[in-house]
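First the structure, in the form of structure tokens, and then the observations on it.
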Amino acid sequence: MRSPERIAVMAAGVVTPIGQDLESFWSSLLTGASGISHVERFPVSNLRVGRAGEIKKLARVKSWARVPDCRATRLLISAADDLCAQARFRPLPLDPRRVGVVVGTALGGVEEGERALDGDRRRRLLRDALYDGPAYNLARWLGCRGPVITVSTACASGATALAVGSELLREDEVDAVIAGGYDVLCRFVMRGFDALRSLTRDEVRPFDRRRSGLLLGEAAALALLVRERDAQGPRLGTVLGYGSASDASHIAAPDPDGQGLERAVRAALLDAGITANDVDFVSAHGTGTQLNDRIETAALKRALGARAYAVPVNSIKSSLGHTMGAAAALEAIMCLQASRHGLIPPTLHLEEPDPACDLDYVHGTARAARPRISLSTSLGFGGCNGALVLEGAP
Amino acid sequence: MTPAPSIRALGLLTGAASSGPVGSLGRPERAGERFRRATRECLLALAAVDAMLEDGREAREAIAGDRTALLYVTAAAYGASNREFITRGGGGTHFAYTAPVVVPAEVAIEFGVTGPYAIFVGGAPATLRAIRHAAALLDDAVCDRALVLAVEIFDECADLFARGGRLLGRPLVEAAGCLWLERGAGDLAFESRREARAGSGSGPELLSCAPLAELDASRRRPAAEPLALSGRWRGETARLIWPRPPSRSSVA
């Protein structure tokens, strides 16, 4: 059995509907800003719900010269630009062959596929339409020559990417990894979730008794990972552990008993070498659907026991929508920010707690607390369950 | 270095390379209402697992439960269902089937596999990475067996793949394979390098299924040398070297 190798998170970069860099994202979460709006980038008039967490204008990168006209790629590069600015990581300070990229996505470059099928004959579109296309574009922009890996575990993709990125470091294949997740809003996914009747006409209200569904969002979130023994200077925190498990229950709905999520949480705690009593904060998947929030609450209670009632829990999906492949990475970064700043962002629009969801959900205003160890949970299509354990920097 | 896993069984289905621009596998028959709406790639995945169980002379119960990890790899199998949904529309169930994750989900549901999972998107190097990831999961004792599943279908998007000739310049052959790994001995070596212009190789293109086809072929050869599997995709050349070659012959 391999010796455990702690993985440091040195920096993070994000682009979201509530902020196009880490600090503005964080301050928007704390102040209860909403990134939900009417979708403007493509027609939604024939959909039941035309609202989502749309990024109206990608403002961070000043020039897109030599960057493909691919929104997924541009979201990734926007987040990477934020990260690189903080970590001074571009141009690369390391041998480019020892820097890897691992990103998770639920949709990849599917919007390029839509354009190709709509008559756009540019050959480049087909390369970007494959789900791993945007990751290669990001690697090219960064100038890294190490492994480029795309994982796609639906809405748990960001967590899987952080785990696989950590694995690359433990295997000593690289010395640094840019890892995280992304997904774009496009006709394809809006139509799909509209057809599933998962989208709400109300606000997204995780764990509220009136909750009636989710809204989608688009984002990219990336973290710079290195082996802790190689880490120099300040860091955001540490990836302590990861667990995953399949429901083997339904292709589009979570297991009604949440057993897969429970197993994933237990596996993550074991991997981290901690017990439930060490957990200080839970960032829940918290989509705001009737089923998810009830199942997740029950699974957390079984996996954490009495500790489940003692720790604050939040969901940030009501602030920016469900950002699919980016969600788990964004939430992991949020956990580290909570440790750093001593504040836990509130669950926006949670006003009337559901008696069936009886944990200590943070709502109303940000709560003063400095969690050392956080648990972040994710569920996705196909019965994917992922859990990350993170430790904030001291 | 990760301990090399042993190979318990391998199931592999491949299309005929000479049957046209794409060597197609068709749509496997499977009884049951649940499979009426399942996509071709899902049904091929189930058939590959069946073939693997037959190769290992095991019943399906042998892979059920939370001690089995499931790792899925594909470069392009989702193309068909994505295209269908984009051009013809469809309901929520159809949308769910556009996600790559649904292929291993169908396997998990059908065979009761509830352990750790991961899904890698890419060509042959992604499969080699999945095998290494499986070896790490086995070494970490988070599972007792790991299945590496790969599926590629091309028929429904043959015209699009033809347009993207620089990426997929070789004759495409559909395939589905599943490899059953358990804890083994010796060290598994993995090498990877990326070059601006790596050659695409020659012969039929099976993308993520290529290493499983190479492994299947190697099982028919005398087991004298360490087994090296290799693959290329988007400028990456990867190689996985087993200290000892597998000895069982394939029946798939």
Side-chain angles (χ1 to χ4, degrees), chain A residues 1-2 97 105-106 108 110 113-114 116-118 121 123 126-127 129-132 136 139 145-154 157 160 163-164 167 170-171 173 187-188 191-193 195-198 243-252 259-260 263 267 270-271 380-384, chain B residues 1-2 66 70 75-76 78-79 82-83 85-87 89-106 108-109 111-122 125-126 129 132-133 136 139-142 160-161 163-167 190 192-195 234-236:
Chain A
M1 197 160 163
R2 295 170 306 161
R97 292 169 299 184
T105 176
V110 73
E114 283 186 301
L117 291 168
D118 212 24
R121 301 284 299 174
R123 188 176 278 187
L126 296 166
R127 275 190 287 162
L130 291 175
Y131 277 36
D132 60 344
Y136 283 90
R145 306 289 312 151
V148 179
I149 299 173
T150 295
V151 295
S152 185
T153 49
S157 294
T160 309
V164 170
E167 178 79 20
R170 291 190 185 106
E171 294 283 357
E173 189 177 341
R187 284 276 309 157
F188 180 89
R191 266 182 51 209
F193 273 87
L196 280 169
R197 304 255 162 173
S198 302
S244 66
S246 294
D247 279 344
S249 170
H250 192 277
I251 61 157
Q259 291 181 19
R263 278 195 303 278
L270 190 65
D271 189 44
F381 267 8
C384 290
Chain B
M1 202 81 88
T2 307
D66 62 6
L70 180 55
Y78 48 83
N82 280 209
R83 179 181 206 166
F85 188 76
I86 290 168
T87 55
T93 302
H94 186 180
F95 172 65
Y97 273 108
T98 64
V101 72
V102 168
V103 174
E106 284 284 19
I109 294 167
F111 296 95
V113 177
T114 57
Y117 68 87
I119 296 163
F120 296 86
V121 179
R129 285 187 186 285
R132 188 177 67 162
H133 191 69
D139 184 39
D140 288 344
V142 298
L160 297 177
F161 292 131
R163 271 164 62 187
R166 203 174 126 207
L167 188 64
F190 178 81
S192 161
R193 67 174 192 280
R194 282 207 305 126
E195 296 162 325
R234 291 197 192 254
E236 180 182 12

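Every chain is numbered from 1 and lettered A, B, ... according to where its sequence line falls, protein lines coming before strand lines.
Between the side chain of A:Ser152 and the backbone N or O of B:Ile119, no donor-acceptor pair lies under 3.5 Å. When atom types are taken as modelled, the side chain of B:Asp66 and the backbone of B:Thr114 share no donor-acceptor pair closer than 3.5 angstrom. Checking side-chain atoms of B:Arg194 against main-chain N and O of B:Gly235 turns up no donor-acceptor pair under 3.5 Å. Put simply, the side chain of A:Thr153 never gets that close to the backbone of B:Ala118: no donor and acceptor are under 3.5 Å apart.
Proximity to chain A is limited to the side chain of B:Ser192, based on heavy atoms less than 4.5 angstrom apart. For A:Ile251, the parts sitting under 4.5 Å from any heavy atom of chain B are the backbone and the side chain alike. At a 4.5 Å heavy-atom cutoff, B:His94 makes no contact with chain A through either its backbone or its side chain. Heavy atoms closer than 4.5 Å to chain B are found in both the backbone and the side chain of A:Phe188. Proximity to chain A is limited to the side chain of B:Arg129, based on heavy atoms less than 4.5 angstrom apart. The parts of A:Ala116 that come within reach of chain B are both its backbone and its side chain, each placing non-hydrogen atoms under 4.5 angstrom from that chain. With a 4.5 angstrom heavy-atom cutoff, B:Tyr78 touches chain A only via side-chain atoms. For a residue to count as touching a neighbouring chain, one of its non-hydrogen atoms must lie under 4.5 Å from one of that chain's; by this rule B:Val113 touches chain A with the backbone only.
Of the listed residues (A:Val151, A:Leu196, A:Asp132), the one with the most heavy-atom contacts under 4.5 Å to chain B is A:Asp132. Among A:Ser249, A:Ala129, A:Ala252, the residue making the largest number of heavy-atom pairs under 4.5 Å with chain B is A:Ser249. When B:Pro100, B:Ala99, B:Gly91 are compared by the number of non-hydrogen pairs under 4.5 Å with chain A, B:Pro100 comes out ahead. Highest contact tally toward chain B, considering only A:Gly260, A:Pro147, A:Gly383, is held by A:Pro147 [criterion: heavy-atom pairs under 4.5 Å]. With chain B as partner, the option from A:Ala195, A:Ala267, A:Gly243 having the largest number of non-hydrogen pairs under 4.5 angstrom is A:Ala195. Chosen from A:Arg263, A:Arg187, A:Gln259, A:Arg197, the residue pairing most often with chain B at heavy-atom distances under 4.5 Å is A:Arg263. For chain A, the option among B:Asn82, B:Val102, B:Thr93 with the highest count of heavy-atom pairs below 4.5 Å is B:Asn82.
Using cut-offs of 30° and 60° on the angle between ring planes, the pair B:Phe85 and B:Phe95 is tilted.
To the nearest 0.5 Å, atom CD1 of residue A:Ile149 and atom CD of residue A:Glu167 are 9.5 Å apart. In this structure, CZ in A:Arg127 is found 12.0 Å from OH in A:Tyr136, a value given to the nearest 0.5 Å.
Taking 4.0 Å as the cut-off between side-chain N and carboxylate O, A:Glu114 and A:Arg191 do not count as a salt-bridged pair.
B:Phe120 places a side-chain heavy atom less than 4.5 Å from the side chain of A:Val164.
In terms of the side chain to side chain contact (heavy atoms under 4.5 Å, CB included) criterion, residue partners of A:Asp271 (sequence neighbours excluded) are, by chain and number, A:Tyr242.
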